[in-house]
Chemist: 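Handing you a structure now.
The sequence lines fix the lettering, A, B, ..., with proteins before strands; numbering per chain opens at 1.
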Amino acid sequence: MPIRSWREIRTIAFLTLDTLFWSKKTVWVALISGLVVGLAALGRIVADLAWVRVPFTPSQAFSTLMSTAVIHFLVVFVTLFYGTALVSDEVEGKTLTYLFLRPIPKTKIMLGKYLALVWICSLLVLPAIIASYMLLYLRVNMQPFLEDVGRLAADLGIVFLAMAAYGGMFALIGAWLKHPILAGLLYGFGWEGLVSYLPGFTRKLTITHYVQSIFPHDDPAGALAMLVGERTAPGEAVLTLVLLTAFFVAVAALVLREKEYILEQ
Amino acid sequence: MSSVVQARGVSKWYGQVIAVSNVSLELAPGVIGLLGPNGAGKSTLMKLVTGQLRPSQGALTLWGEPVWNNHALFHRIGFCPEQDAFYERMTGGEFLRALLGLHGFPDAEAARRADSALEQVHLMDARDKRIGAYSKGMRQRVKLAQAFAHDPELIVLDEPLAGMDPLARRETIRLVRDWGKRGRCVIVSSHILHEIEAMTPNVVLMHNGQVLAEGDVHHIRELIDQHPHNIYIRCSAPRRLAEALVGYPDVVSVRFHADGGALTVESRKPDAFYERLPDLIVSNEIDLDEITSPDDNLQAVFHYLVK
């Protein structure tokens with residue numbers, strides 16, 4: 001892609017990043033991310049109390065945190081709030097005109113915005129995971145910490161992939177619908193939450209299924225899902241997530257290009 | 001001179017609401033005033049011209065090319081929207097440089113053009129101040145600046161004088177006239193006749209989504225002048241003034257207000273009336289407090305034209 005194209009996408013990304021970061025949503029997202037770290041801290045405190053006989057290791061605590069609070073809640077929450085806002089905030093704020101009246105294709109506008117989305121989600125989620133890992137693992141005996149660092153790296157990669165896919169889906173919902181939050185909630189916590197546990201082919205119509213298929217941790221929800229069906233092979237799951245992401249972003253770009261946005265006076 | 005904007009049978013509707021109805025226009029370089037009361041369809045037509053909306057029917061082209069999704073055309077178009085909306089955390093300079101960057105200008109050129117535009121709207125002092133801290137007039141000026149900073153051939157301004165102080169209004173009117181003289185096509189909308197008259201004699205009158213009249217503003221004035229024009233005058237001696245006025249053939253009626261300090265005159269020739277009024281005031285030793293015309297806005301004009 002020519003340098004000028006990247007400049008345009010980068011400008012859009014920076015504009016969007018600034019708008020998203022300084023919005024009220026960031027306060028809520030930071031609180032929720034902080035809550036995850038708080039849960040890790042609580043787990044550490046409980047584990048360190050000599051008079052409490054806790055049957056879990058740092059690895060088990062971290063696995064539970066990742067498979068419940070992070071994958072099934074934090075990732076969906078963060079991508080929902082920012083993804084649906086990519087276009088709808090500019091429509092509501094009536095600033096979309098300024099972007100649409102520039103000589104750049106609307107598809108590039110969506111690409112720039114999507115990059116900002118991935119950027120800000122990574123900024124607010126990945127450090128929370130790293131902080132949680134350190135809180136749970138850092139001890140005098142550093143062996144478990146060092147042993148599981150590879151798994152942490154894999155977790156970060158999986159979370160990034162999950163955020164990319166969910167972000168694409170919510171960006172599409174935000175570009176398409178006038179009031180996207182409700183639809184996003186229904187999709188993120190309704191469809192994804194329920195359908196991924198149904199037997200048969202329908203579970204493959206969720207992002208959750210593919211994320212669970214590559215998730216290395218013991219996952220109570222995933223174990224439940226396995227009772228009613230198999231996981232997809234990891235390689236296939238990663239490829240599907242990448243293709244789904246590309247598909248959602250492409251369709252979102254198409255919607256942005258073809259839809260008329262009425263900025264109410 | 002070849003036309004810039006060509007609209008043929010253009011209509012735009014939203015469900016049951018017809019915002020623009022069967023508009024056919026050809027606009028050449030120069031300044032064109034788009035006049036109409038609120039809800040006339042001016043903003044919708046401007047959004048159609050600038051490719052923000054797609055016609056429901058008909059064809060609209062710029063320089064012979066369709067506008068919708070034709071992003072290459074936007075190098076040549078500048079638009080100043082009516083709504084007061086910005087990226088509030090950006091400074092005026094950052095805002096302009098970012099938008100100029102999206103036009104493909106390198107950083108140094110974008111900075112130069114941004115400064116030049118801000119200079120022209122007298123906002124250089126506030127260049128590094130956040131737009132969120134700007135006054136209403138400053139916001140309107142920076143909005144105007146982003147419309148012309150990239151030196152477009154077609155500049156579309158939706159109510160550009162709203163919120164501006166008299167000095168800024170004068171400067172903006174001067175800018176618009178200069179652009180017209182330099183061969184730009186400038187479309188300016190307003191619901192205030194004298195604002196448009198100060199910028200151009202060429203007007204298009206809209207009402208209920210339709211073009212009612214187009215051409216020289218004096219011609220439209222003549223259409224208006226066929227109907228009596230109301231002028232409200234508050235002065236020290238309304239009855240003495242009325243006595244002086246009733247002898248003139250263009251004066252249709254005189255009504256006195258209940259408080260005894262004002263009168264409303266109905267005249268068929270408002271220009272002639274305004275010309276003779278100062279002499280009458282002076283010769284009859286009358287103190288004038290206020291003179292306004294409820295008809296000096298387009299609501300009344302359209303009321304007459306659509307009757």
Chemist: Under 4.5 Å from any heavy atom of chain B, what part of A:E90 do you find: side chain, backbone, both or neither?
Modeler: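 The side chain, not the backbone.
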Chemist: Would you mind checking which part of A:Y98 comes under 4.5 Å of any heavy atom in chain B, side chain (CB onward), backbone (N, CA, C, O), both or neither?
Modeler: both
Chemist: For A:K178 and A:P180, work out which heavy atoms get closest and say how close.
Modeler: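 Taking A:K178 first and A:P180 second, the nearest heavy atoms are O-CD, 3.4 Å.
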Chemist: Residues in side-chain contact (heavy atoms from CB on, under 4.5 Å) with A:T202, at least two apart?
Modeler: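 A:T202: side-chain contact (heavy atoms from CB on, under 4.5 Å) contacts with A:V195, A:L198.
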Chemist: Among B:L175, B:D115, B:T172, which residue meets the side-chain contact (heavy atoms from CB on, under 4.5 Å) test with B:Q120?
Modeler: B:L175
Chemist: With ring-ring contact (aromatic ring centres under 6.0 Å, His included) as the test, would you mind laying out the steps for A:W28 and A:F81 before giving the verdict?
Modeler: CA-CA 9 Å; A:W28 291 105; A:F81 269 74; 8.4 Å; no
Chemist: If you check every heavy atom in residues 61-71 of chain B against those of chain A, which residues fall under 4.5 Å?
Modeler: B:W68, B:N69, B:H71
Chemist: Flag the one option from B:R89, B:Q52, B:R54 with the top tally of heavy-atom pairs under 4.5 Å to chain A.
Modeler: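 Maximum pair count with chain A is reached by B:R89.
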Chemist: Between A:K113 and A:D89, is the salt bridge (Lys or Arg N to Asp or Glu O under 4.0 Å) condition met? List the steps.
Modeler: CA-CA 12 Å; A:K113 285 184 163 294; A:D89 273 9; over 6 Å; no
Chemist: Under the side-chain contact (heavy atoms from CB on, under 4.5 Å) test, which residues partner B:S56, sequence neighbours left out?
Modeler: B:K12, B:W13
Chemist: Tell me the residues of residues 126-144 of chain B whose non-hydrogen atoms fall below 4.5 Å from those of chain A, in number order.
Modeler: B:K143
Chemist: Out of B:R113, B:R184, B:R112, which residue meets the salt bridge (Lys or Arg N to Asp or Glu O under 4.0 Å) rule with B:D151?
Modeler: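 Passing option: B:R184.
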Chemist: Should the ring pair B:W179 and B:F148 be called parallel, tilted or perpendicular, given that the plane angle runs from 0 to 90° and is split at 30 and 60?
Modeler: tilted
Chemist: Look up atom OG1 in A:T95 and atom CE in B:M90, then write down how far apart they are to the nearest 0.5 Å.
Modeler: 11.0 Å
Chemist: Between A:L101 and chain B, which part of the residue has a heavy atom less than 4.5 Å away: side chain, backbone, both or neither?
Modeler: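 Looking at A:L101, backbone and side chain both touch chain B.
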Chemist: For the pair B:H103 and B:F105, name the ring-plane relationship: parallel under 30°, tilted 30 to 60°, perpendicular over 60°.
Modeler: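 The arrangement is tilted - the two ring planes meet at 30° to 60°.
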Chemist: Tell me, for B:E88 versus chain A, whether the close heavy atoms (under 4.5 Å) come from the side chain, the backbone, both or neither.
Modeler: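 No part of it gets close to chain A.
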Chemist: For residues B:I77 and B:H150, report the shortest heavy-atom separation together with the two atoms involved.
Modeler: O-NE2, 2.8 Å
Chemist: Might you point out which heavy atoms bring B:P55 and B:L48 nearest each other, and give the distance in Å?
Modeler: N-CD2, 3.6 Å
